[in-house]
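A short worksheet on the structure shown next.
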Amino acid sequence: MRVVLLGSGRGSNAEAILKAQGEGRLGRAQVVAIFTDKPDAPMLALGPRFGVPAQFVDPRRSRPSSRAPARSATSPPSAPCAPDLVVLAGFMRVLKPGFLDAFAGRIINLHPSLLPSFPGLDGIGQAFRHGVKITGCTVHEVNAAVDGGRILDQEAVRIEEADTVETLAARIHVAEHRLLPAVIARLSGA
Ligand code: GAR
């Protein structure tokens, strides 16, 4: 199963996926490319570290994927990559309909809350400010509704009295680093 990773920032989840692959915990999945929509995303450094092509694609130059898939920011070059699965690992952009059509049923997203609670931006801060006692992370299929696709798996994280947004975020990231590689392995048929 050929996997393409899309992200916008730090890339700790992409790193967890690549580490899982190196340790034989990614089933039949293999990461074939990494794309970011930010030219300075630290995630790009994972490419040379793990021997995977990593590339910034300028979203301002994106085009509908059906017409020019190799040039669209939100469309990984489908010919060279031929992804079976597109994984949004900290990708902070809403995908365009052309992209959704091109990879229908083959895109999954990681979100830092227990959906359907706290969708959209800053899922961790939203849960913290709301005062819930349990939050977590979700991996779900991507459709046209933001954070609205079928839920594939979740992991719960308790919010402790002493937590700050930062300490909570750190524990949610630890949970994410377990959850996302495990879902990818499962989807690969392992
Ligand atoms: C993760 O916490 C992920 O759940 C979140 O961005 C972070 C990326 O961290 N994604 C979203 O909020 C998507 N709406 P990373 O770059 O270290 O993997």
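When a residue number appears, it is its place in the shown sequence, counting from 1. Whatever order the structure lists them in is the order used to number ligands and atoms, beginning at 1. Treat the numbers as computed from the prediction; the structure is a model and nothing was measured.
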Is R129 salt-bridged to D122, going by a charged N under 4.0 Å from an acidic O?
yes
By the definition side chain to side chain contact (heavy atoms under 4.5 Å, CB included), identify the one residue from N109, V139, N13 that meets it with L88.
N109
The side chain to side chain contact (heavy atoms under 4.5 Å, CB included) partner of F35 among L44, V4, L5 is V4
Donor-acceptor check, side chain of R2 to backbone of V32, threshold 3.5 angstrom: yes or no?
no
Please list, by chain and number, the protein residues whose heavy atoms come under 4.0 Å of ligand 1.
R10, G11, S12, N13, G90, M92, L110, H111, P112, H173, E176
Are the side chain of E15 and the backbone of L46 linked by a donor-acceptor contact shorter than 3.5 Å?
no
Under 3.5 Å: donor-acceptor pair, side chain of E141, backbone of L152:
no
